[in-house]
Amino acid sequence: MKKIMNEASNIVEEMLSGLIKSYPDRVHRVGNSRVVAKNEKVEQVGLVSGGGSGHEPAHAGFIGNGMLSAAVLGDVFTSPTPDQVQTAIKEADQGKGVLLIVKNYTGDVLNFDMAKEMATMEEIEVESVIVDDDIAVENSTYTAGKRGVAGTVLVHKILGNAARNGASLKELKALGDQLVPTIKTIGVALRAATVPEVGKPGFELAEDEIEYGVGIHGEPGYRREKLQSSKVLAKELVSKILADYQEKPKEVGVLVNGMGGTPLMELFVFMNDVQQLLEQAAVKVTFHKVGNFMTSLDMQGLSLTMIDLTDTNWQEALESEVQTISW
């Protein structure tokens, strides 16, 4: 294992310290907690997200005006504890309540729910939106039902814009529940991630193998096969996502997300193939985003996310200016 680090057991703490020192004008650490929050205090509904570390820039990279109020960091691939989440809720609360944006993993859902109950006892109004955009498999490791993956970042963006524009907690909860079913994601892995404290890849793929549908913690996908061209990969992912919609979208937003170890050159090649396929399918792409947004440490691979923008006003929210580290 080759990694730029000191002690594996202290990697999250040192990462957090480096993050704060790199962007002190935008974010701060709340006491000695694992919570990162925006410096600017605005009277609006607070938005909190988070989860295990190892998915950077998610979620701390999306804190700021127009997106999250605070993010809570667990250990690598491990849910933050309820008291950590409660700290984030209290920091984000500006008197109008707090919305939790939670990826659908058993530990995250349970711990965020416990923190919600604890905050309610302190008379902070809290609601939550569960994101389950990964359509690759059902009931995988870590979760019951579909997993929450890169599409979560689009939820941050659209709800963050609505919160900035004065939406109430009830309105944000309703918007989130409307939004999540329109977002669909599938990933593909070329090489597994290596957790620092484990020291070896989470699963083995031969040099000429790929795995379709892999999760952001290295959870199994739905098929392994020989490495294919970008065009073939794009056809597999595009066709499965479009087939999952009850009615084929007329307009979509597309997010091509790197898993942490994939060069941008390859992500742009894949985006080119995706757009050609959608054009052939008479689906108009009105929003595009390419880069590393929700990674899996050093995994080689990518995920494709689509959001149905047909007859919605979400395009404006996706294109709105934000002041974050990583959008």
Side-chain angles (χ1 to χ4, degrees), residues 1-3 54-55 76-77 105 132-143 145-151 183-196 198-245 248 252 254-281 283 285 288-306:
M1 178 181 72
K2 294 182 180 180
K3 290 189 179 292
H55 305 303
V76 175
F77 292 177
Y105 296 97
D132 59 352
D133 56 307
D134 188 349
I135 66 167
V137 295
E138 293 268 1
N139 303 318
S140 178
T141 309
Y142 293 103
T143 185
K146 296 183 296 180
R147 304 173 293 214
V149 287
I183 302 175
K184 302 180 185 296
T185 302
I186 303 180
V188 60
L190 284 68
R191 187 188 70 192
T194 299
V195 175
V198 176
K200 61 182 181 179
F203 57 90
E204 294 294 335
L205 284 173
E207 284 297 313
D208 61 347
E209 277 187 327
I210 59 172
E211 181 158 355
Y212 287 113
V214 69
I216 58 173
H217 306 99
E219 305 97 324
Y222 60 85
R223 189 172 82 244
R224 286 189 182 186
E225 62 178 39
K226 298 295 183 181
L227 178 63
Q228 303 293 330
S229 68
S230 174
K231 289 184 183 294
V232 173
L233 296 178
K235 185 175 182 180
E236 169 86 11
L237 271 56
V238 168
S239 61
K240 281 194 170 293
I241 288 176
L242 289 180
D244 201 71
Y245 285 105
K248 186 175 74 173
V252 297
V254 173
L255 173 70
V256 173
N257 172 65
M259 292 293 198
T262 307
L264 275 171
M265 174 183 283
E266 297 172 28
L267 300 182
F268 284 124
V269 168
F270 183 78
M271 173 62 98
N272 183 56
D273 293 329
V274 167
Q275 295 217 55
Q276 289 180 358
L277 288 167
L278 290 172
E279 183 178 351
Q280 293 168 13
V283 178
V285 180
H288 327 75
K289 200 78 173 171
V290 177
N292 291 301
F293 298 95
M294 187 172 290
T295 62
S296 181
L297 293 170
D298 55 347
M299 182 186 287
Q300 286 186 348
L302 55 80
S303 62
L304 174 65
T305 300
M306 288 190 212

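For reference, positions follow the sequence shown, starting with 1. Since this is a predicted model, take the numbers as computed values, not measurements.
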Heavy-atom pair with the smallest gap, counting every atom of Ala150 and Thr305: CB-OG1, 4.0 Å
Verdict with reasoning, Glu266 to Leu302, per side chain to side chain contact (heavy atoms under 4.5 Å, CB included): CA-CA 9 Å; Glu266 297 172 28; Leu302 55 80; over 6 Å; no
Arg147 and its side-chain hydrogen bond (donor to acceptor under 3.5 Å, both in side chains) partner, picked from Asp134, Asp132, Thr185, Asp133: Asp134
Exam field: side chain His55 to backbone Thr295, donor-acceptor pair closer than 3.5 Å: yes
Criterion side chain to side chain contact (heavy atoms under 4.5 Å, CB included) on Phe268 and Val290, from CA distance to verdict: CA-CA 7 Å; Phe268 284 124; Val290 177; 3.7 Å; yes
Flag side-chain contact, heavy atom, 4.5 Å: Val76 against Val198: no
Gap separating the CG atom of Asn292 from the CG atom of Leu267, nearest 0.5 angstrom: 6.5 Å
Leu205 CG to Glu211 CD distance, which is reported to the nearest 0.5 Å: 6.0 Å
Nearest heavy atoms of Ala192 and Pro201, plus distance in Å: CB-CB, 4.0 Å
Other residues, nucleotides, ligands: >12 heavy atoms within 6.0 Å of Gln276 CD: yes
Expected output: side-chain Thr194 to main-chain Gly199 donor-acceptor under 3.5 Å: no
Student check: side-chain heavy atoms of Val214 and Met299 closer than 4.5 Å: yes
Residue pair Val285, Val274: steps toward the side chain to side chain contact (heavy atoms under 4.5 Å, CB included) verdict: CA-CA 10 Å; Val285 180; Val274 167; over 6 Å; no
For Arg223, salt bridge (charged side-chain N to carboxylate O under 4.0 Å, His left out) partners two or more places apart: Glu225, Glu236
Ile186 side chain near Tyr212 side chain, heavy-atom distance below 4.5 Å: no
Results of salt bridge (charged side-chain N to carboxylate O under 4.0 Å, His left out) for Lys248 - residues two or more places apart only: none
Derivation and outcome, side chain to side chain contact (heavy atoms under 4.5 Å, CB included), residues Tyr105 and Ile216: CA-CA 11 Å; Tyr105 296 97; Ile216 58 173; 3.4 Å; yes
Atom pair OG/CG of Ser303 and Leu237 - distance to nearest 0.5 Å: 8.5 Å
Any donor-acceptor pair under 3.5 Å from Gln300 side chain to Leu190 backbone: no
Greater than 12 external heavy atoms within 6.0 Å of Lys235's NZ: no
Shortest non-hydrogen contact between Gly151 and Ile183, atoms and distance: CA-CG2, 3.7 Å
Ring-face cation contact, Tyr222 with Lys240, 6.0 Å cut, 45° max: yes
Approximate separation, where rounding is to 0.5 Å, of Asp273 CG and Lys231 NZ: 4.5 Å
Gap separating the CZ atom of Phe203 from the CZ atom of Arg191, nearest 0.5 angstrom: 10.5 Å
Atom pair CG (Leu277) and CD (Gln275), whose distance is rounded to the nearest 0.5 Å: 10.5 Å
pair Val137-Glu219: side-chain heavy atoms closer than 4.5 Å: no
Check: Leu233 and Ile210 side chains under 4.5 Å, non-hydrogen atoms: yes
Side chain to side chain, Lys146 and Glu138, heavy atoms closer than 4.5 Å: yes
